[in-house]
Amino acid sequence: MKLVTPVSVPVLSVRDLCVDARTPEGRRHVLKDVSFDLNPGETLCIAGESGSGKSVTSLSIMQLLPKASLQIASGSIKLADRELTNLSNRAMRSVRGGDIAMVFQEPMTSLNPVLSIGTQLTEAIREHQVTEGGKAETIARQMLDAVHITEPGRRLTQYPHELSGGMRQRVMIAMALSCRPKVLIADEPTTALDVTVQAQILKLMRELKREFGASIVLITHDMGVVAEMADRVAIMQNGRIIEQGSALTVFERPTELYTRQLLAAVPRLGAHAGTDGPPRVGSEVARGEVPDRSPVLLVRNLNVAYGSPTRWLFKGKPPVSAVTDVSFELRPGETLGLVGESGSGKSTTGKAVLGLIPFTGDVVIDGKNIGGLSARQMQPIRRSAQMIFQDPYASLDPRMAVGAAIAEPLIIHGLANKGERDDRIAELLRRVGLQADAASRYPHEFSGGQRQRICIARALALEPKLIVADESVAALDVSVRARVLDLMLELQETMGLAYLFISHDMAVIERMSHNVAVMRAGRIVEMGTRREVFESPKDEYTRALMAAVPIPDPRARNII
Amino acid sequence: MRVLKAMLRQPAALFGLIVVVAVMAMAIAAPLIAPYSPDNQMFDGLTLEGAPMPPSEQFLLGTDTLGRDLFSRLLFGARTSLVIGLVANGIAVAIGLFIGILSGYLRGIVGNLLMRFTDLMMAFPALLLAIVLAALLRPSLWIVAMVIALVNWVQVARIVYTETRGLVERDFILAERSLGAGHFRILFMHILPHLMPTAIVWGTLGIATTVLLEATLSFLGIGVQPPQPSWGNIIFESQSYFQAAPWLVFFPGAIILLTALSFNLVGDALRDILDPTQRGRG
Amino acid sequence: QDTPQQGGDIIVTYKDDIATLDPAIGYDWVNWSMIKSLYSRLMDYEPGTANLIPSLAETFGVSDDGLTYTFKLRKGVKFTNGREVVASDVKYSIERAVNPKTQGPGAGFFGSIKGYEDVTGGKTTTLEGIAAPDDSTVIFHLSRPDATFLHVLAINFASVVPNEAVEAAGGDFGKKPVGSGTFVLKDWTIGQHLVFERNPDYFVKDMPYIDKFTVEVGQEPLVALLRLQKGEVDIAGDGIPPAKFLEIKNSADGPKMIVDGEQLQTGYITLNTKVKPLDNLKVRQALNMAINKDRITRILNGRATAANQPLPPLMPGYDKSFTGYAYDVEKAKALLAEAGFPTGFETVLYSTNTDPQPRIAQAIQQDLAAVGVKAEVRALAQANVIAAGGTEGEAPMIWSGGMAWIADFPDPSNFYGPILGCSGAVAGGWNWSWYCNQDIDKRAVAADSMSDPAKVAERSATWGKIFTDIMADAPWIPLINERRVVAKSLRMGGADNIYIDPTRVINYDAIYVKQ
Amino acid sequence: MALLVLRRLVQTALILLGVAAITFLLLYALPADPARMIAGRSATAQTVANIRRELGLDQPLLVQFWAYLQGIVHGDLGRSYAQKTDVGSLIAARIPATLVLMAAGILVEVLLGLTFGIIAALRRGGAVDRVVMMASFVGVSAPQFVVALLLLYVFAVTLGWFPMSGFGTPAHVVLPAATLGILGAGWYARMVRSAMIDVLNQDYVRTARAKGLSSARIILRHALPNAMLPIIAMIGIDIGQFMGGVVVVEAVYGWPGIGQLAWQAIQQVDIPIIMGVTLVSALAIVLGNLVADIIAPLIDPRIRAR
Ligand SMILES: Nc1ncnc2c1ncn2[C@@H]1O[C@H](COP(=O)(O)OP(=O)(O)OP(=O)(O)O)[C@@H](O)[C@H]1O
Ligand SMILES: Nc1ncnc2c1ncn2[C@@H]1O[C@H](COP(=O)(O)OP(=O)(O)OP(=O)(O)O)[C@@H](O)[C@H]1O
Ligand SMILES: [Mg+2]
Ligand SMILES: [Mg+2]
């Protein structure tokens with residue numbers, strides 16, 4: 001592999017970086033000889049397998065590796081000509097946030113739960129730019145505006161748990177951008193965002209680059225985004241950079257097998273135009289013709305409002321309606337794709353449908369109206385209806401080994417005895433593309449994508465009739481994603497599973513759905529078969545969505 | 001086994017473990033080790049003026065104000081104090097955990113009632129309860145242990161309550177609910193492990209304080225009755241002698257401290273070993 | 001050696017707060033001496049002695065049958081509110097002490113006054129037996145001869161108080177005392193201090209000596225002593241805690257700081273005559289021989305002497321020749337065997353739980369063990385021990401320490417009734433041996449009616465015999481006579497016996513500051 | 001809003017009522033007889049009976065309790081048996097001193113505990129950590145009486161920096177507050193350390209560091225509030241815990257607080273005073289917990305939502 005000759009002095013230069021993980025079983029290499037340069041004003045996209053070391057690379061640069069378990073074994077990281085690996089903590093402080101800013105992969109756990117969004121935003125601004133009190137606030141509001149968060153004024157006073165996943169991610173981005181860093185490292189910054197917002201964010205990053213000459217390291221698995229943004233691309237696998245080159249070269253003349261597989265697996269919007277259902281994956285296995293076509297999920301006039309009931313001396317905030325008058329139905333063997341703006345109420349709908357949050361209206365699962373059921377009464381229903389949560393890290397018990405976490409549903413519902421259980425776990429892990437040894441590790445020892453797969457495995461363990469999948473493949477690299485999606489389709493074919501599939505990735509929705517619903521501001525603005533919605537969108541917002549989908553081809557870049 | 005092995009790898013924990021085992025062995029083997037009977041008020045154990053004797057060859061750690069051998073009393077006192085420190089304190093922590101976790105988790109009437117009950121118990125002067133029990137029951141080691149347990153669980157409950165309230169809001173609990181896990185499972189498989197650090201801190205710090213509390217109870221007349229020695233009552237009986245006979249305060253104080261510290265070292269190690277997010281630390 | 005001087009402020013400390021300064025109510029050894037100094041009574045004692053002298057009374061006379069006492073009051077004595085003390089005040093004050101509404105503990109002392117039962121029974125509030133024919137004459141009519149009556153008129157409950165001040169205080173007289181004593185209460189900051197200043201109008205010239213004394217309360221004895229050594233405190237009222245005693249005693253200034261003297265006190269173990277096997281005389285005698293009293297005085301750093309009879313040595317009637325039961329383990333064992341307990345028995349020994357009582361109880365326990373008696377020690381709060389003692393069949397043995405008997409007035413009769421007589425051997429009584437010997441009771445009544453002043457010596461001897469005869473029944477193990485120890489600063493003057501005044505504890509009237 | 005305050009007040013009142021009832025019951029279950037304690041040894045059985053009647057002790061328990069409650073409603077805590085004075089005024093005279101002592105004690109323990117807990121957490125496993133934890137252990141396991149006397153001996157007697165005894169000036173409060181605070185500081189240091197270690201491992205602390213914030217800000221603004229939750233609850237508990245310590249500390253330093261009053265009252269079975277002190281301290285504890293319950297949601301918005 002030949003390195004691209006730098007045009008000028010690189011702002012960031014990583015040489016032969018090796019990172020080891022300390023585990024009870026001894027040291028394990030996580031990064032091996034990672035080298036790359038980042039030139040001024042350049043965007044380097046790092047793509048690659050989930051768990052290949054992308055996040056670890058970025059954390060190494062920031063000197064933020066969890067010291068307890070990960071350590072830089074050798075190598076150098078240079079910012080201009082400052083060596084970062086042995087910089088004092090104090091000196092590193094001014095580098096962080098000021099010179100290099102970072103957007104972390106998991107937005108929920110990365111925001112401080114007890115501080116308001118406003119505080120968290122303004123403190124970085126105050127730290128790095130000398131501003132008077134009022135001004136930081138103004139900048140913060142502008143930044144929220146820039147990442148297209150509605151009602152920025154109100155958001156500043158809200159707390160992380162009151163925001164949707166996508167909104168949290170945008171807050172993270174706003175936070176990173178607010179100090180106009182020289183280098184921006186963004187780890188999957190748009191995973192949780194719908195394409196229109198994603199487009200805007202990408203635009204914002206490009207502007208930053210243009211206006212301030214910032215350089216960007218963008219970690220993403222979305223080859224569309226890569227194609228749109230990258231000047232250069234690095235592909236990682238197994239802790240190494242296996243291929244590196246200009247965007248055009250990598251996209252058009254990939255040398256490595258993995259890269260080629262990766263590109264081949266990229267879904268393209270419109271690939272399934274003209275068909276009604278998702279493609280069959282189960283070759284000739286007869287699709288279990290489900291005789292009973294009565295809906296497995298029936299939703300009528302669902303309304304959800306957030307707000308706190310008044311408790312003790314505190315007056316609750318006035319309730320905010322998150323979902324308004326949502327109705328739909330889902331039959332066995334069908335997938336309803338739910339797309340829409342971030343914060344439009346998709347996750348809320350998903351949770352309400354499973355009775356995890358209070359709602360009004362009717363939700364009928366498998367013929368039973370779940371309104372007002374007690375936890376005990378819900379138990380049998382839980383078996384047939386499962387959810388894969390949007391934020392995988394937060395939804396795993398940090399103190400429970402992954403194997404045990406997957407075994408949970410089996411134990412709860414009394415399926416499989418102990419012996420069978422281990423086999424089931426191994427089987428489930430294999431199916432989502434994880435090694436069997438993952439069972440004995442803990443959630444924090446996994447990469448974002450790996451955690452997401454753990455959550456999928458957990459939901460599948462019960463073989464439910466209905467799965468609410470909330471951005472379930474968002475953090476997966478395309479190859480794994482394709483595998484997981486195939487798995488889901490296969491299960492649907494063999495077992496007649498129904499999916500409520502929440503995603504912002506239009507290509508994925510196209511691939512998975514029979515029907516599609518588009519949400520905006522708590523309402524379904526358009527609903528129909530996939531073909532109707534994709535090929536002749538009626539709502540203006542739907543049309544905007546379609547237009548914003550990035551195309552995985554650097555030549556087709558719409559904005560430079 | 002894994003836990004034990006991990007523990008043996010850490011010097012501090014190893015030290016703690018050794019001391020803990022040693023103290024327990026001392027307590028069990030007290031009659032074999034003790035040079036004198038713990039209750040023997042020896043003629044030459046007091047000066048002619050009636051002052052206790054400082055440490056010497058004859059009396060390793062000196063004598064107390066009745067001319068008894070302090071070393072022998074400390075050995076036998078270990079039996080009492082270990083029961084108090086481990087059993088009484090252990091029960092208190094267990095009750096506290098149980099009530100605290102339930103009141104923090106359950107909403108509605110039951111949770112509220114539990115917490116108000118805890119509030120009531122907390123607002124109630126514990127010592128008064130002890131005094132009344134002293135008058136109504138015949139004080140014995142086990143009754144003392146029971147009283148201490150009844151008095152001490154309240155604080156643990158309160159702390160656990162607050163922590164549980166925070167934990168319940170975490171997403172993984174929601175996820176667990178969506179899997180259909182019952183309250184029991186959520187409480188004991190998912191919330192409880194997160195409370196272990198708190199339980200361990202209270203469990204180990206509580207050893208020293210309960211041992212001393214026993215002494216306070218002695219003073220109120222509900223402690224173990226004389227002449228049965230306990231570390232607490234040895235120190236309490238002679239605390240005003242800190243100038244005149246410092247060994248009477250120093251040695252029992254040191255052994256309480258050492259024991260509590262050792263339990264704590266073991267507890268800390270245990271906490272780290274049980275906490276997966278701390279895995280890999282040396 | 002040095003002569004008393006006028007003037008000076010001193011500081012006195014006590015651990016316990018002063019409960020009340022109402023003479024009809026106050027009955028603990030801390031407020032006892034303060035009440036003594038705030039009020040005056042018809043009779044009083046010569047400082048440091050047990051010798052009765054008239055005080056508010058100028059003269060007095062007793063009728064031949066011993067039933068009528070006539071007192072002539074001193075003229076011109078004023079309460080500190082300015083009003084003159086008259087005979088009706090005496091009558092009022094004693095009636096107040098007897099009246100159940102007052103809830104005073106001292107009513108019983110006046111039991112020999114005619115009409116006593118009517119007042120305590122609630123029929124009337126005036127005592128038929130007290131008359132005040134004119135402002136300076138008080139006449140007492142007794143229903144039976146009472147040899148201790150003059151002593152009774154000298155105890156605090158007989159202090160004279162002004163009616164109008166009691167009423168003005170509205171039930172809080174104990175906090176707003178008005179009397180005609182040597183001192184006046186100037187300030188009382190609850191929980192902190194009480195300031196007493198000299199009464200300039202006191203009817204005895206040049207009394208008291210000091211101008212002022214401040215009582216600081218809530219002072220831990222150990223700390224009070226440290227302060228005394230630093231010169232911040234003049235009298236540590238609670239004495240010297242065991243932990244400090246030897247250090248101070250053996251220090252250079254020690255002898256000058258310690259006042260150590262005998263008091264009218266006996267510490268004893270009650271042997272419950274209604275509980276098996278203590279109902280057996282031989283057993284009680286054996287136990288009397290089993291205790292090594294010398295070792296116990298050693299534990300107390302020599303601040304006590306071994307006792308062998310109920311009366312303390314200072315008390316009239318004490319029999320110096322009486323030997324009691326000598327310490328003899330072998331004989332004790334033999335007696336026990338004779339009584340049918342060759343291997344001893346199990347029993348329970350109660351004690352209060354403040355140092356050094358549990359230690360003494362343990363020493364007793366060890367001695368009992370030596371003769372085969374296994375006694376379980378129960379060290380309880382004082383109130384619980386009192387409750388156990390007063391419940392029939394409950395407490396086999398009680399070590400009286402802490403509640404040991406201290407005489408209210410220096411007369412042997414005071415050592416009998418409640419603690420050894422039949423009247424005390426009732427539920428709720430203080431006769432914890434439950435010892436009731438009708439014969440002795442009769443002898444006691446007879447001795448008390450010997451009110452003829454000429455027969456004082458004979459009466460004392462009669463009493464002395466009563467107590468030594470009681471010892472034949474061995475309801476007690478008289479253990480020790482504890483001496484009282486007070487610590488004072490070097491500048492304090494006055495003989496030792498006014499710091500451990502037999503009737504006052506500390507005699508504030510008589511102490512003075514040197515230089 | 002007004003309704004909610006009312007509700008909380010009603011709850012407080014109920015708790016106090018519960019405390020009063022239990023205390024009353026317990027005190028009357030005691031074999032000790034207050035009338036006899038007042039009467040002393042020389043009193044005749046009749047005197048004792050008279051006193052008992054005058055105190056109303058011969059009435060059935062319920063009647064007595066009812067009378068007591070009626071008194072409370074009128075702000076009357078009854079009259080002390082031994083002192084024959086209004087209990088309310090006795091307590092009122094001593095409450096300020098105890099409040100000062102407690103406030104100072106809490107201040108000491110929170111300041112010491114937080115500082116050292118944080119330092120230990122930051123230097124986890126290092127020498128500093130070890131020393132701090134050892135010290136906290138000494139603090140926790142040292143009997144308060146001994147600590148009080150030692151401090152007094154060193155700082156008042158030997159060095160003469162502070163007065164030995166009394167109340168009034170700021171100098172007077174230093175040693176008592178230190179004694180009271182040392183034990184709690186040990187606890188706090190442990191709890192804070194433990195909570196801090198937990199919090200410092202959280203992702204959001206990583207975010208804060210990524211922003212380049214100063215360590216001070218990361219610790220104080222980001223980590224501490226999260227670690228404070230269990231600590232806040234402790235402060236509520238402390239008030240109850242202190243009641244015991246207050247007795248000892250007040251005794252040693254001659255501090256005119258209610259601890260001494262309570263102690264003496266217990267010795268004398270002065271039931272009205274015991275009741276009064278119990279109620280007052282129960283009120284303090286309930287208020288303490290209330291404050292903790294109010295502060296917790298102020299710190300953690302997630303609790304607020306419930
Ligand atoms: N704290 C840790 N301890 C041990 N191993 C870890 C730890 N964090 C990450 N790893 C391992 O390091 C490898 C690289 O992880 P990393 O988070 O960099 O992956 P990634 O490329 O960002 O993947 P994804 O796209 O899924 O986020 C993974 O195999 C992961 O299991
Ligand atoms: N716990 C909460 N308290 C208050 N408001 C909330 C809470 N959770 C969500 N919301 C609000 O509800 C709305 C819908 O949130 P939801 O999480 O359903 O969005 P979403 O469609 O899933 O978005 P995304 O694609 O970004 O995940 C948002 O405005 C959000 O701020
Ligand atoms: Mg990652
Ligand atoms: Mg969402």
Side-chain angles (χ1 to χ4, degrees), chain A residues 21-27 66-71 108-109 113-114 161 350-351 354-357 375-376 378-401 404-405 408-413 440-445 455 458-459 461-462 468, chain B residues 1-3 5-10 105-108 110-112 115-116 119 162-163 165-200 270-282:
Chain A
R22 284 211 259 162
T23 64
E25 293 78 39
R27 282 173 183 272
K67 286 199 205 95
S69 48
L70 293 177
Q71 270 183 339
M108 180 61 210
T109 46
V114 307
H161 72 279
K351 287 181 196 164
L354 293 187
L356 293 173
I357 48 175
R376 186 177 302 260
M378 274 303 283
Q379 232 239 5
I381 301 171
R382 298 252 176 254
R383 196 177 155 190
S384 49
Q386 274 301 307
M387 173 138 189
I388 304 168
F389 288 88
Q390 184 168 10
D391 195 331
Y393 194 15
S395 67
L396 288 169
D397 184 344
R399 279 178 177 258
M400 188 168 247
E408 276 287 289
L410 299 177
I411 299 170
I412 291 167
H413 295 275
S440 61
R441 285 156 67 192
Y442 287 85
H444 73 281
E445 294 168 324
C455 289
R458 180 169 68 176
L462 281 181
V468 176
Chain B
M1 221 45 234
R2 173 183 82 83
V3 172
K5 262 193 207 142
M7 197 152 329
L8 294 180
R9 268 205 299 271
Q10 305 181 24
Y105 178 81
L106 298 177
R107 298 170 193 207
V110 183
N112 225 322
M115 202 53 225
R116 298 288 82 85
D119 279 348
T162 317
E163 270 191 55
R165 262 203 324 171
L167 280 169
V168 168
E169 300 304 312
R170 301 263 298 258
D171 273 2
F172 68 84
I173 299 298
L174 188 71
E176 205 57 35
R177 282 210 285 139
S178 83
L179 290 176
H183 295 317
F184 191 80
R185 190 169 184 84
I186 292 182
L187 278 175
F188 294 99
M189 298 292 290
H190 295 277
I191 293 182
L192 193 61
H194 288 259
L195 297 170
M196 283 331 282
T198 308
I200 288 175
L270 200 66
R271 187 189 90 147
D272 287 356
I273 292 164
L274 293 181
D275 183 355
T277 59
Q278 299 294 325
R279 281 217 299 178
R281 264 179 190 283

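Basis for what follows: all heavy atoms, side chains included, without hydrogens, waters or symmetry-related copies. Labels below follow one simple rule: chain letters A, B, ... track the order of the sequence lines, proteins then strands, and each chain is numbered from 1.
At least one side-chain heavy atom of B:S178 sits less than 4.5 Å from a side-chain heavy atom of A:F389.
The two residues A:R399 and B:P197 come nearest to each other via the heavy atoms NH2-CG, 3.5 Å. In terms of heavy-atom proximity, A:P398 sits nearest to B:R170 at CG-NH2, 3.7 Å. Contact detail for B:A175 and A:S395: the closest heavy-atom pair is CB-O, 3.4 Å. Between B:A181 and A:I412, the shortest heavy-atom contact is CB-CD1, 3.4 Å. The shortest heavy-atom contact between A:Q379 and B:G180 is NE2-O, 3.1 Å. Of all the heavy atoms in A:L462 and B:L179, the pair that sits closest is CD1-O, 4.4 Å.
Sorted by first and then second residue, the salt bridge (Lys or Arg N to Asp or Glu O under 4.0 Å) pairs involving residues 189-199 of chain B (not counting sequence neighbours) form an empty list. Residue pairs meeting the salt bridge (Lys or Arg N to Asp or Glu O under 4.0 Å) criterion with at least one partner in residues 177-193 of chain B, sequence neighbours excluded, are A:E408-B:R185.
With respect to chain B, the highest number of heavy-atom pairs below 4.5 Å among A:L354, A:I411, A:I381 belongs to A:I411. When the candidates A:K351, A:R383, A:Q386 are compared by the number of heavy-atom contacts under 4.5 Å with chain B, A:Q386 comes out ahead.
For a residue to count as touching a neighbouring chain, one of its non-hydrogen atoms must lie under 4.5 Å from one of that chain's; by this rule A:A461 does not touch chain B.
With values rounded to the nearest 0.5 angstrom, A:M387 atom CE is found 8.0 Å from B:L174 atom CG.
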